[in-house]
Amino acid sequence: MVKQSIQYYFLNKMKSQSTRGGEYCGFDEIKKVAILLDYSGENEKIVRELMGRLSSMNIFCAVASYFQGKSGSILREDFVYFSDRDINVMGVPKDAALSRFLDCEYDVLFDLRDKACVVSDYVHRSVKRKFSVGNNTSIEVNDITFNTANDISSFSNNIIDYLKKLKKA
C-alpha cells in the first residue's frame, strides 16, 4: 500500500511533464506507431492484425504489453512485455527492452489498455509521441479518447480510417 502511494505521488509529478514531441502530422506522414495494451491472447491476436495492416503501409509498429504479476516474464521478440517488477517506485524502467521502447520517438501512441494501473500509467506517460489515441481509462492524457467496452477489435478495425479523416494540424 505504501509503495503504491509513493508510485502515485511520482506519477502525479509526471503529469506536469510533457512527453509530447509536437502536433499530429497527418496520417500520410506517420512512420512510427507505439501500441500499449493489457496482455491477453485475444488482445495480442487483434494487435498483430493491426500491426500487419500498418506494416503494409510502411508504418513501423512497436508494442508494449502489461501483464499482472510480479514473478516470471514473457519473452517475445516482437512485443515488449512488462509487469509490476519492471519499473521501480519512481517510474524508472528496470528492463532493458522496456527502456528501448521508451527511448524511441513515435508519431502516434495507441493506448488500448482496458484498465488504469500505476505501472502501465508510468509507461504511457513516458512514451515520446506527437499524438495519443486511447481508451477512456486514461482520458486526461490522450488527444482522442474512445470507449472500447473491453473490445479492442472494433477500435482496431476503425482507427486507421479515423486517423485518415483528421486533417493535418
Side-chain angles (χ1 to χ4, degrees), residues 14-67 74 76-82 86-87 91 93 95-117 119-169:
M14 288 177 74
K15 285 182 182 179
S16 63
Q17 301 168 352
S18 176
T19 54
R20 298 278 309 271
E23 295 298 321
Y24 177 65
C25 55
F27 186 80
D28 294 336
E29 296 179 31
I30 293 176
K31 300 293 179 221
K32 287 178 105 175
V33 170
I35 300 174
L36 179 62
L37 71 147
D38 295 324
Y39 174 77
S40 81
E42 184 61 27
N43 285 354
E44 185 174 309
K45 179 182 172 198
I46 293 166
V47 168
R48 286 190 187 283
E49 291 171 7
L50 176 61
M51 289 173 69
R53 287 195 312 245
L54 292 169
S55 179
S56 71
M57 293 182 265
N58 295 321
I59 298 174
F60 171 78
C61 235
V63 180
S65 183
Y66 171 75
F67 68 96
I74 304 169
R76 299 290 283 274
E77 57 191 54
D78 50 354
F79 279 39
V80 173
Y81 292 92
F82 64 97
D86 294 317
I87 293 181
D95 180 69
L98 184 58
S99 292
R100 283 192 300 276
F101 175 82
L102 295 175
D103 286 342
C104 289
E105 293 185 19
Y106 303 96
D107 296 311
V108 178
L109 167 65
F110 296 143
D111 179 7
L112 305 179
R113 298 175 296 151
D114 293 331
K115 53 194 167 291
C117 137
V119 174
S120 59
D121 284 348
Y122 270 137
V123 172
H124 183 280
R125 293 201 185 275
S126 299
V127 173
K128 298 175 189 103
R129 78 275 186 187
K130 295 177 182 174
F131 193 75
S132 180
V133 179
N135 200 342
N136 59 8
T137 59
S138 52
I139 195 165
E140 78 274 0
V141 292
N142 288 312
D143 298 302
I144 296 177
T145 59
F146 57 89
N147 184 2
T148 61
N150 296 326
D151 176 23
I152 66 169
S153 64
S154 61
F155 167 82
S156 175
N157 291 331
N158 297 310
I159 189 58
I160 294 172
D161 293 331
Y162 294 149
L163 289 176
K164 283 181 179 180
K165 290 177 184 177
L166 288 175
K167 301 291 182 204
K168 186 175 176 178

*Between F82 and S120, is any pair of side-chain heavy atoms under 4.5 Å apart?*
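Yes. Closest side-chain heavy atoms under 4.5 Å.
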
*Can you tell if the side chain of V47 reaches within under 4.5 Å of the side chain of F79, non-hydrogen atoms only?*
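Result yes, sub-4.5 Å side-chain heavy-atom pair found.
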
*For K128 and L102, indicate whether the former's side chain and the latter's backbone hold a donor-acceptor pair under 3.5 Å.*
yes

To the nearest 0.5 Å, what is the distance between [atom1] ([X]) and [atom2] ([Y])?
{"X": "I35", "Y": "L50", "atom1": "CD1", "atom2": "CG", "result": "4.5 Å"}
{"X": "D103", "Y": "L98", "atom1": "CG", "atom2": "CG", "result": "9.5 Å"}
{"X": "R129", "Y": "K32", "atom1": "CZ", "atom2": "NZ", "result": "15.0 Å"}
{"X": "K31", "Y": "I59", "atom1": "NZ", "atom2": "CD1", "result": "7.5 Å"}
{"X": "I87", "Y": "D121", "atom1": "CD1", "atom2": "CG", "result": "10.0 Å"}
{"X": "L112", "Y": "L37", "atom1": "CG", "atom2": "CG", "result": "6.0 Å"}

*Under-4.0 Å salt bridge between R113 and D38*: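 Looking at D38 together with R113, the answer is no, because their closest N to O distance does not fall below 4.0 Å.
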
_Carboxylate-amine/guanidinium proximity below 4.0 Å for E44 and R48_ =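 Result for this pair is yes, salt bridge flagged.
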
*Parallel, tilted or perpendicular, as decided by the 30° and 60° cut-offs, for the rings of Y81 and Y39*: perpendicular

*Would you please classify the geometry between the Y106 ring and the F101 ring as parallel, tilted or perpendicular, with 30° and 60° separating the classes?*
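The rings of F101 and Y106 sit tilted, inter-plane angle from 30° to 60°.
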
*Between D107 and E29, is a side-chain contact (heavy atoms from CB on, under 4.5 Å) present by the stated rule, with each step listed?*
CA-CA 8 Å; D107 296 311; E29 296 179 31; over 6 Å; no

*F110/L54 under side-chain contact (heavy atoms from CB on, under 4.5 Å): CA gap, chis, key distance, verdict*: CA-CA 12 Å; F110 296 143; L54 292 169; 4.1 Å; yes

*Test Y66 against V123 for side-chain contact (heavy atoms from CB on, under 4.5 Å), laying out the working first.*
CA-CA 9 Å; Y66 171 75; V123 172; over 6 Å; no

